Student: 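My questions will all concern the structure given below.
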Amino acid sequence: MRLRAGFSAASLLCLLTACAAHAPAKPDPSAGPAFAPCEADPDWNQPTQPRRIHGNTWYVGTCGLSAVLITSAQGHVLIDGASERGGPLIEASIRALGIDPRQVRYLLNSHEHNDHAGGLAHLQRVTGATVVARAPAIAALQSGKGDRSDPQFLSVSRFAPVRAVQRIGDGDTLRLGPIELTAHATPGHTPGGTSWSWRACDEAGDCKAIAYADSLTPLTDEAYRYSDEAAHPGVLAAFRRSIQTVADLPCDILVTPHPNASNLLARLDAPGPAPQGTASYCRAYAASGNGKLEEQLRKEAAPAP
């Protein structure tokens, strides 16, 4: 399935004339306010300046929670909304780039928890954008909390629900002008976990494959057991497939929902035209997730004290 933004004659005329003012040809992150450096273990909602990741792709999240803006003259796509407090901070970062939030057409999500979906309702209000997610995440996004299929159901807090989520399937491509993002089903951390991949090119024609790889951490509320096949059939096998999916992603640049999980901000702040990294970053991230899953299974198999 391919999702496309519709164009009328009026919108085409807009693209050729007045709407050119909305094209973020030269976003300027230096135009925003100065921020304190991010702490080593930052608060989720500590604000930070926007940063270019590569080409038309920008980091607009906080010190502790990622959000990524992909820009084009036909409109923009935002991945993740951080927490409820983080949503307005993401909006401020978009404005600091000189971009009108109302030009964001799609809001995507990595997974349906308050620290990555909590700000989506605010961002949906200020942008008017369509929220897009895989089917297993939709009910949680529209109600503000998952059900017992979420390994952290008893321990995560509710978040502000969003309206009218549009479904995208595993392997489907969302298109908006030159932007093409592929959805990859990566359940395990949550049922609706989704990773995203796309290509971004700079003005010199240097193109990079970017992977926004969802969390692979097997956190639970202690009642949930990944090893309980009777209660959660197929979940463990699906989690293992997710780890392999992330390992195989096209991955010149790795981005993760928590920037510290991939040392993202340090890489973005390092000298050079683009954050350093190769496909080995996704493989290493996947290997780390696999190690955590095996440790969780050993914990579940241990005799109760």
Side-chain angles (χ1 to χ4, degrees), residues 44 65 79-84 108-118 120-121 131-162 165-172 183-196 212-249 256-258 261 282-283 285-305:
W44 280 354
L65 298 171
I79 305 177
D80 270 350
S83 65
E84 291 192 46
L108 312 183
N109 181 232
S110 57
H111 65 266
E112 61 278 23
H113 276 166
N114 62 304
D115 49 344
H116 307 289
L120 289 178
V131 177
V132 178
R134 291 196 310 110
I138 290 177
L141 291 173
Q142 293 184 156
S143 67
K145 189 174 173 69
D147 56 23
R148 182 59 278 183
S149 64
D150 183 343
Q152 298 179 69
F153 174 65
L154 299 178
S155 57
V156 294
S157 59
R158 300 187 66 87
F159 55 87
V162 300
V165 180
Q166 183 170 329
R167 187 181 70 84
I168 192 169
D170 180 30
D172 286 350
H184 304 271
T186 47
H189 185 73
T190 68
T194 306
S195 298
W196 301 90
Y212 193 102
D214 190 26
S215 175
L216 299 177
T217 306
L219 297 174
T220 75
D221 54 19
E222 301 299 332
Y224 188 100
R225 296 168 64 86
Y226 282 99
S227 56
D228 189 345
E229 185 66 19
H232 313 295
V235 167
L236 181 56
F239 204 158
R240 295 192 191 282
R241 287 194 299 272
S242 297
I243 291 169
Q244 188 60 53
T245 294
V246 168
D248 294 339
L249 287 175
T256 49
H258 289 272
C282 277
R283 290 195 293 268
Y285 182 67
S288 175
N290 186 66
K292 293 173 183 176
L293 178 59
E294 295 303 322
E295 177 59 30
Q296 176 65 23
L297 295 174
R298 286 191 292 270
K299 176 182 174 182
E300 292 176 7

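Since we're looking at a predicted model, the values are computed, not measured. Below, all heavy atoms of this structure are taken into account, side chains as well, without hydrogens, waters or symmetry copies.
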Student: Less than 4.0 angstrom from a charged side-chain N to a carboxylate O is my criterion; do R148 and D221 meet it?
Tutor: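 A salt bridge links R148 with D221.
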Student: Determine, stepwise, if the pair L154 / E222 fulfils side chain to side chain contact (heavy atoms under 4.5 Å, CB included).
Tutor: CA-CA 9 Å; L154 299 178; E222 301 299 332; over 6 Å; no
Student: Could you tell me which non-hydrogen atom of G118 sits nearest to which non-hydrogen atom of F159, and how far apart they are?
Tutor: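 Answer, listing the atom of G118 first, then F159: CA-CB, 3.7 Å.
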Student: Side chain of T217, backbone of L219: donor and acceptor closer than 3.5 Å?
Tutor: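 Not at all, since once roles are kept as given, no pair shorter than 3.5 Å links the two residues.
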Student: Measure from the side-chain N and O atoms of R241 to the backbone N and O of P187, and report whether any donor-acceptor pair falls under 3.5 Å.
Tutor: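 Not a single qualifying donor-acceptor pair exists.
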Student: Between R134 and E112, is the closest basic N to carboxylate O distance under 4.0 Å?
Tutor: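 Answer for the salt bridge query: no.
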Student: Distance from T194 atom OG1 to I168 atom CD1, nearest 0.5 Å?
Tutor: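 Answer for the OG1-CD1 pair, T194 versus I168, is 8.5 Å.
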Student: Answer whether the closest heavy-atom distance between the side chains of Y285 and L249 falls below 4.5 Å.
Tutor: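 No. Closest side-chain heavy atoms not under 4.5 Å.
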Student: About how many Å separate OG1 of T245 and CD1 of I243, when rounded to the nearest 0.5 Å?
Tutor: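 Going from the CD1 atom of I243 to the OG1 atom of T245 covers 10.0 Å.
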Student: Would you name the heavy atoms of P191 and P136 that are closest together and state the gap between them?
Tutor: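 In terms of heavy atoms, the two residues are closest at O-CB, 3.5 Å.
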Student: Under 4.0 Å between a Lys/Arg side-chain N and an Asp/Glu carboxylate O for R158 and E84?
Tutor: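 No salt bridge links R158 with E84.
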Student: Rounded to the nearest 0.5 Å, what separates atom CG in D115 from atom CH2 in W44?
Tutor: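 Between D115 CG and W44 CH2, I get 4.0 Å after rounding to 0.5 Å.
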Student: Determine the interplanar angle of the H116 and H258 rings, folded into 0 to 90°, and report it as parallel if under 30°, tilted if 30 to 60°, perpendicular if over 60°.
Tutor: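 The rings of H116 and H258 stand perpendicular, inter-plane angle above 60°.
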Student: Working to the nearest 0.5 angstrom, can you tell me the gap between S242 OG and H184 NE2?
Tutor: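 It is 12.0 Å, given to the nearest 0.5 Å.
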Student: For the side chain to side chain donor-acceptor pair (under 3.5 Å) test, which of T190, D214, D80 pairs with H111?
Tutor: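 Among T190, D214, D80, the one meeting side chain to side chain donor-acceptor pair (under 3.5 Å) with H111 is D214.
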Student: Under a 4.0 Å threshold between the charged nitrogen and the carboxylate oxygen, would K292 count as salt-bridged to E295?
Tutor: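 Looking at K292 together with E295, the answer is no, because their closest N to O distance does not fall below 4.0 Å.
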Student: Please report the closest heavy-atom contact between S110 and Y212, naming both atoms and the distance.
Tutor: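 Minimum heavy-atom contact is CB-CE2, 3.8 Å.
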Student: Counting N and O atoms only, with roles assigned by atom type, does the side chain of E229 sit under 3.5 Å from a partner on the main chain of G234, one being a donor and the other an acceptor?
Tutor: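 Confirmed, E229 side chain pairs with G234 backbone.
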Student: Which heavy atom in P161 sits nearest to a heavy atom in A121, and how many Å separate them?
Tutor: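 Here P161 and A121 meet closest at O-CB, 3.4 Å.
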Student: Mind telling me whether H189 and H113 have parallel, tilted or perpendicular rings, with 30° and 60° as the class edges?
Tutor: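 Taking H189 first and then H113, their aromatic rings stand perpendicular (interplane angle over 60°).
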Student: Supply the atom-to-atom distance L120 CG to S83 OG, rounded to the nearest 0.5 angstrom.
Tutor: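 That separation rounds to 10.5 Å.
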Student: Check P257 against A213 and note the closest heavy-atom contact, atom names and distance.
Tutor: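 Heavy-atom minimum between the residues: CD-O, 3.0 Å.
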Student: Which distance, rounded to the nearest 0.5 Å, do you find between the OG1 of T220 and the CG of D150?
Tutor: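 The distance works out to 10.5 Å.
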Student: Picking from I138, N109, L141, what satisfies side-chain contact (heavy atoms from CB on, under 4.5 Å) with V162?
Tutor: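 It is L141; the other options fail the test.
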Student: Does V246 reach the side chain of S195, with side-chain heavy atoms less than 4.5 Å apart?
Tutor: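 Yes, their side chains come closer than 4.5 Å.
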Student: If you take all heavy atoms of L297 and Y226, which pair is closest and at what distance?
Tutor: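 For L297 versus Y226, the nearest heavy atoms are CD2-CB, 4.1 Å.
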Student: Under a 3.5 Å distance rule, please check whether K145 uses its side chain to pair with a backbone N or O of F153 as donor and acceptor.
Tutor: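 Side chain of K145 to backbone of F153, a donor-acceptor pair under 3.5 Å: yes, one is there.
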